[in-house]
Amino acid sequence: MKKRSFAEQVYNLTSQVPKGKVTTYGAIAKKLRRPQASRAVGRILGANPHPIVVPCHRVVKSDGGLGGYTSPRGIRMKIELLTGEGVEIGDGKIDLSRFLFRDFAL
DNA sequence: AGCGCGGCTTTTC
DNA sequence: CGAAAAGCCGCGC
């Protein structure tokens with residue numbers, strides 16, 4: 001259980017984000033020792049083969065944007081989910097200063 | 001503020 | 001099996 005692929009670690013960190021908090025693609029990439037793989041993280045989360053254990057909607061862009069969301073409802077559902085968990089979104093942006101979760105168990 | 005480019009992994013043919 | 005394309009970003013100018 002050590003040679004987990006990059007994707008496995010991405011899902012692992014994302015699943016660690018508690019309700020009411022969010023993380024960023026760049027942050028995850030950095031945690032995995034690949035600060036420039038932010039895009040890869042997005043692709044992986046987009047392919048999210050674990051939609052139940054991996055709340056990819058809790059992952060936003062490094063600038064506070066919501067990013068995208070591959071879902072039947074699209075980015076729309078992502079906003080609804082975050083707001084429903086307690087994350088306040090101002091003008092389509094999130095206050096990372098208040099909701100950015102950075103206590104990952106890496 | 002907006003645009004374009006770069007670097008990474010995964011998936012599919 | 002090998003190669004190619006794509007993708008929910010990040011940063012700089």
Side-chain angles (χ1 to χ4, degrees):
Chain A
M1 310 283 257
K2 271 169 160 278
K3 299 176 64 141
R4 296 178 295 196
S5 296
F6 189 84
E8 290 294 304
Q9 300 186 59
V10 172
Y11 304 131
N12 184 51
L13 294 175
T14 305
S15 63
Q16 282 176 56
V17 181
K19 177 184 141 205
K21 293 265 174 158
V22 299
T23 186
T24 71
Y25 300 100
I28 293 172
K30 285 180 179 181
K31 267 62 175 177
L32 301 181
R33 247 37 205 232
R34 290 295 187 281
Q36 297 190 295
S38 54
R39 212 169 172 191
V41 174
R43 203 209 187 296
I44 291 162
L45 285 174
N48 189 3
H50 303 293
I52 302 164
V53 290
V54 182
C56 38
H57 66 266
R58 283 185 192 157
V59 186
V60 299
K61 298 207 301 182
S62 71
D63 65 321
L66 294 168
Y69 201 63
T70 309
S71 173
R73 290 281 172 285
I75 192 66
R76 183 69 175 177
M77 182 48 91
K78 187 170 182 173
I79 297 171
E80 297 282 309
L81 286 166
L82 289 170
T83 304
E85 292 188 342
V87 178
E88 296 174 50
I89 300 176
D91 190 45
K93 300 271 178 76
I94 299 174
D95 290 88
L96 298 179
S97 310
R98 295 192 237 164
F99 303 104
L100 180 57
F101 178 74
R102 41 169 137 174
D103 187 44
F104 289 105
L106 192 64

Under the 3.5 Å Watson-Crick or G-U criterion, the dot-bracket string of DNA chain B, with | for inter-strand pairs: .|||||.||||||
Residue pair A/Arg4 / A/Gln9: nearest heavy atoms and the distance that separates them: O-NE2, 3.3 Å
Nearest listed nucleotide, side chain of A/Ser5, among B/dT9, B/dT10, C/dC11: B/dT10
Gap between atoms CD1 and C1', on A/Ile28 and C/dG10 respectively (whole Å): 14 Å
Contact under 4.0 Å: A/Ser62 side-chain N or O vs C/dG10 OP1/OP2: yes
Rounded distance (Å) that lies between atom C1' of B/dT9 and atom CG of A/Leu32: 11 Å
Donor-acceptor contact below 3.5 Å, side chain A/Gln16 vs main chain A/Ala105: yes
Shortest non-hydrogen separation from A/Val17 to A/Phe101 and the atoms involved: CA-CD2, 4.1 Å
Sub-3.5 Å pairs of nitrogen or oxygen atoms, protein against nucleotides 11-13 of chain B:
none

Non-hydrogen atoms of A/Phe6 and A/Ile44 that approach each other most closely: CD2-CD1, 3.4 Å
Touch class at under 4.0 angstrom, heavy-atom based, for A/Ile44 against every strand present: sugar-phosphate
Nearest-angstrom distance from the residue atom NZ of A/Lys61 to P of C/dG7: 16 Å
Side-chain heavy-atom pair A/His50, A/Asn48 within 4.5 angstrom cut-off: yes
A/Glu80/A/Arg73 ion pair, N-O < 4.0 Å: no
Least distance between heavy atoms, A/Ser38 atom then A/Ala29 atom: N-CB, 3.8 Å
Any A/Phe99 side-chain heavy atom under 4.5 Å of A/Leu82 side chain: no
Approximate separation, where rounding is to 0.5 Å, of A/Lys21 NZ and A/Arg98 CZ: 11.0 Å
Value in whole Å for how far the C1' atom of C/dC11 lies from NZ of A/Lys30: 10 Å
Touch class at under 4.0 angstrom, heavy-atom based, for A/Gly26 against every strand present: sugar-phosphate
Non-hydrogen atoms of A/Cys56 and A/Leu45 that approach each other most closely: CB-CD2, 4.1 Å
Euclidean distance, atom CG of residue A/Asp91 to atom C1' of B/dA1 [Å, nearest integer]: 14 Å
Backbone of A/Asp63 reached by a side-chain donor or acceptor of A/Lys93 within 3.5 Å: no
A/Lys78 side-chain N/O to A/Leu66 backbone N/O, donor-acceptor pair under 3.5 Å: yes
Nucleotide B/dT10, atom C1' - distance to CD of A/Glu8 in whole Å: 12 Å
Heavy-atom protein contacts under 4.0 Å, nucleotides 2-7 of chain B, coded B base, S sugar-phosphate only, - none: ----BB
Interatomic distance where CZ belongs to A/Arg33 and C1' belongs to B/dT9 [whole Å]: 18 Å
d(CG, A/Leu13; P, B/dT9) in whole Å: 15 Å
